[in-house]
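Counting convention: from 1, in listed order, for ligands and their atoms alike. Nothing fancy with the numbering, it's 1 onward along the sequence.
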Amino acid sequence: MRIAIVGAGGVGGFFGALLARGGANVTFVARGAHLAAMRRDGLRVEGGAHPVHIQDVRATDDPAEVGATDLVMLCVKLWGVEEALEQIRPLVGPDTTVVSFQNGVLKDGYLMAAFGAERVIGGVGYVATHIARPGVIAQTGSLQRLVFGEFDGRTSARVAAFHEACAAGGINAEVSTDIRREIWQKFVFLTGLSATTATTRLPIGPVRENPQTRAFLLDLMREVVMVGRASGVALPEDYAGECLKLVDEVAYDMTSSLFHDLDRGRPLEVRWLSGGVAELGRKAGVATPLNRAVADILALHADGRAEG
Ligand SMILES: NC(=O)C1=CN([C@@H]2O[C@H](COP(=O)(O)OP(=O)(O)OC[C@H]3O[C@@H](n4cnc5c(N)ncnc54)[C@H](OP(=O)(O)O)[C@@H]3O)[C@@H](O)[C@H]2O)C=CC1
Ligand SMILES: CC(C)(CO)C(=O)C(=O)O
């Protein structure tokens, strides 16, 4: 299977390395020092249970060199989507499938607008990773999981083929018949985790142990569930409670991609995460004071530091 990974960072670098290890024909679309290091030294994943080193990495900053592929995985930050979508047009032919493993619930709309709904399948990625240094992805904990599927829930040959490629690389991959709900479930978990770790500047361990920050986390997630339900997503009413159990299972020192970006002075995705909850809540008539407060507090950092 010919797979183009657009954005070879925490998510794209990690899952792309596993797909390449499993035998898929993977090309990374990358840039800057990270691209140079991958070309020179290959791509490494460190810190998790199973370190990976792919020596011969196909990587480019010019999608036209690659041409149409079977599947494109979009893994850039949400603030970089517009630029990336323009740039990757040469990767998308009549038979190409496009999937985003970005966070949030608005991402697939961007893909459908750019390439047509028929080319897009839905996806969510669970992993705690970041670029430690050029050419190297650092993983915290052992969580790694991809869930994907057709938006109409049917089983399809393209989803089955991607599932096979993931399994060959050792990815915990699942096909969903209700991918929209999966995307929202991840949104509940992620906005809780990212909002609390970024505002406290601490990993999830201490946040979930302290009764006050634990209640804050639960209430943040409850707001997202209410917005999802009001938007027609079949989330169980007590889904935030279920999510809290998931939060209790992740590594004590796990943070979030938002935390890493804040820590490094990079632009934040908060507009699409807690800010997205507040915006969707406003449209659906659901009050979201906690998510709004998180978005307002982090607004001063949303564009990153000049040197970040
Ligand atoms: N990291 C995590 O643990 C998880 C993240 N996510 C989500 O996945 C998405 C990606 O996050 P993450 O992997 O952390 O992001 P990273 O910043 O680690 O990686 C993105 C990479 O893509 C590169 N990039 C951006 N635009 C382009 C472009 N036009 N051409 C070539 N390369 C480009 C970036 O380069 P540069 O640095 O130069 O901008 C960077 O190397 C986000 O939506 C995030 O919320 C989901 C699950 C887990
Ligand atoms: C919460 C986590 C680490 C889980 O995948 C994530 O998606 C993120 O931080 O972006």
Side-chain angles (χ1 to χ4, degrees), residues 4-16 27-38 43 45 47-48 59-63 66 72-89 91 99-108 110 123-147 172 183 185-198 203-204 207 217 221 243 246-247 249-251 253-264 266-273 276 304 308:
I5 312 267
V6 180
V11 168
F14 178 85
F15 288 111
T27 303
F28 295 93
V29 177
R31 62 187 178 192
H34 190 47
L35 171 63
M38 282 196 290
L43 176 62
V45 178
T60 181
D61 55 5
D62 180 7
V66 185
V72 174
M73 281 171 55
L74 189 65
C75 306
V76 300
K77 293 285 188 201
L78 289 158
W79 42 261
V81 164
E82 255 176 67
E83 181 193 347
L85 290 182
E86 263 324 298
Q87 194 192 351
I88 66 174
R89 287 197 176 274
L91 301 172
V99 60
S100 157
F101 288 108
Q102 297 161 302
N103 277 315
V105 294
L106 302 173
K107 63 201 182 77
D108 299 299
Y110 305 146
V124 282
Y126 288 87
V127 72
T129 41
H130 63 276
I131 300 177
R133 54 189 185 279
V136 180
I137 308 297
Q139 183 185 10
T140 304
S142 55
L143 175 74
Q144 60 96 345
R145 180 170 165 241
L146 290 182
V147 188
N172 296 322
I183 290 168
Q185 286 177 336
K186 166 77 194 282
F187 194 44
V188 176
F189 174 75
L190 183 265
T191 46
L193 211 101
S194 62
T196 51
T197 54
I204 196 62
V207 168
L217 167 65
M221 296 195 295
C243 241
L246 289 184
V247 171
E249 284 168 16
V250 300
D253 58 346
M254 183 162 150
T255 56
S256 61
S257 50
L258 191 76
F259 172 98
H260 278 286
D261 289 335
L262 183 65
D263 193 43
R264 291 173 175 212
R266 309 240 326 147
L268 306 182
E269 292 186 309
V270 66
R271 222 182 94 204
W272 291 267
L273 305 183

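For atom 41 (O) of ligand 1, the closest non-hydrogen atom on the protein side is Ile131 CD1, 3.4 Å. Protein heavy atom in closest approach to atom 23 (C) of ligand 1: Gly7 CA, 4.0 Å. For atom 6 (C) of ligand 2, the nearest protein heavy atom (residue, atom name, distance) is Leu190 CD2, 3.5 Å. Closest protein heavy atom to atom 7 (C) of ligand 1: Asn103 ND2, 3.4 Å. Ranking the protein heavy atoms by distance from atom 19 (O) of ligand 1 puts Gly9 CA, 3.1 Å first. From the protein, the heavy atom lying nearest to atom 7 (O) of ligand 2 is Lys186 NZ, 2.7 Å. For atom 3 (O) of ligand 1, the closest non-hydrogen atom on the protein side is Val127 O, 2.8 Å. What sits closest to atom 10 (O) of ligand 2 on the protein, heavy atoms only, is Ser257 OG, 2.5 Å.
Shown here for Val250 and Ile204, the closest heavy-atom pair between the two residues is CG2-CG2, 3.8 Å.
For ligand 1 and Gly125, the ligand atoms under 4.0 Å from any heavy atom of the residue are 47 (C). Each of the following atoms of ligand 2 lies closer than 4.0 Å to a heavy atom of Gly125: 5 (O). Proximity to Phe101 (heavy-atom distance under 4.0 Å) selects the following atoms of ligand 1: 7 (C), 8 (O), 46 (C).
Checked by distance only, ligand 1 and Gln87 come closer than 3.5 Å through their nitrogen or oxygen atoms. Taking only nitrogen or oxygen atoms, main chain and side chain alike, Ser256 does not reach within less than 3.5 Å of ligand 2. Where the criterion is an N or O separation shorter than 3.5 Å, residue side chain and backbone included, Gly10 meets it with respect to ligand 1. Taking distance alone, with nitrogen or oxygen atoms compared against 3.5 Å, Thr129 approaches ligand 1 more closely than that limit. Residue-to-ligand polar distances place Arg266 within reach of ligand 1: an N/O pair is separated by less than 3.5 Å. The shortest N/O to N/O separation between Val11 and ligand 1 falls below 3.5 Å. Not one N or O of Tyr126 is nearer than 3.5 Å to an N or O of ligand 2, by distance alone. Every N/O-N/O distance between Thr255 and ligand 2 stays at or above 3.5 Å. Ligand 1 has no N or O atom lying under 3.5 Å from any N or O atom of Trp79, backbone or side chain.
By the 4.0 Å heavy-atom criterion, Gly32 is excluded from the residues contacting ligand 1. Residue contact annotation: Cys75 has a non-hydrogen atom under 4.0 Å from ligand 1. Within the structure, ligand 2 lacks His260 among the residues with a heavy atom less than 4.0 angstrom away. Residue contact annotation: Lys186 has a non-hydrogen atom under 4.0 Å from ligand 1. Put simply, no part of Gly10 is less than 4.0 Å from ligand 2, judged by heavy atoms.
With respect to Glu83 and Arg31, a salt bridge is recorded, a charged nitrogen being found less than 4.0 Å from a carboxylate O.
In this structure, of Val127, Leu193, Leu273, Val247, the residue bringing a heavy atom nearest to atom 4 (C) of ligand 2 is Val127. Relative to atom 14 (O) of ligand 1, the option among Arg31, His130, Glu269, Lys77 with the closest non-hydrogen atom is Lys77. Among Val76, Leu78, Leu273, Asp261, the residue whose heavy atom lies closest to atom 24 (N) of ligand 1 is Val76.
Between Leu193 and Val247, the closest side-chain pair of non-hydrogen atoms falls below 4.5 Å. Counting heavy atoms from C-beta on, the side chains of Val72 and Val99 never come closer than 4.5 Å.
Ring planes of His130 and His260: parallel class, angle under 30° (limits at 30 and 60°).
In this structure, a donor-acceptor pair under 3.5 Å is absent between the side chains of Thr255 and Thr197.
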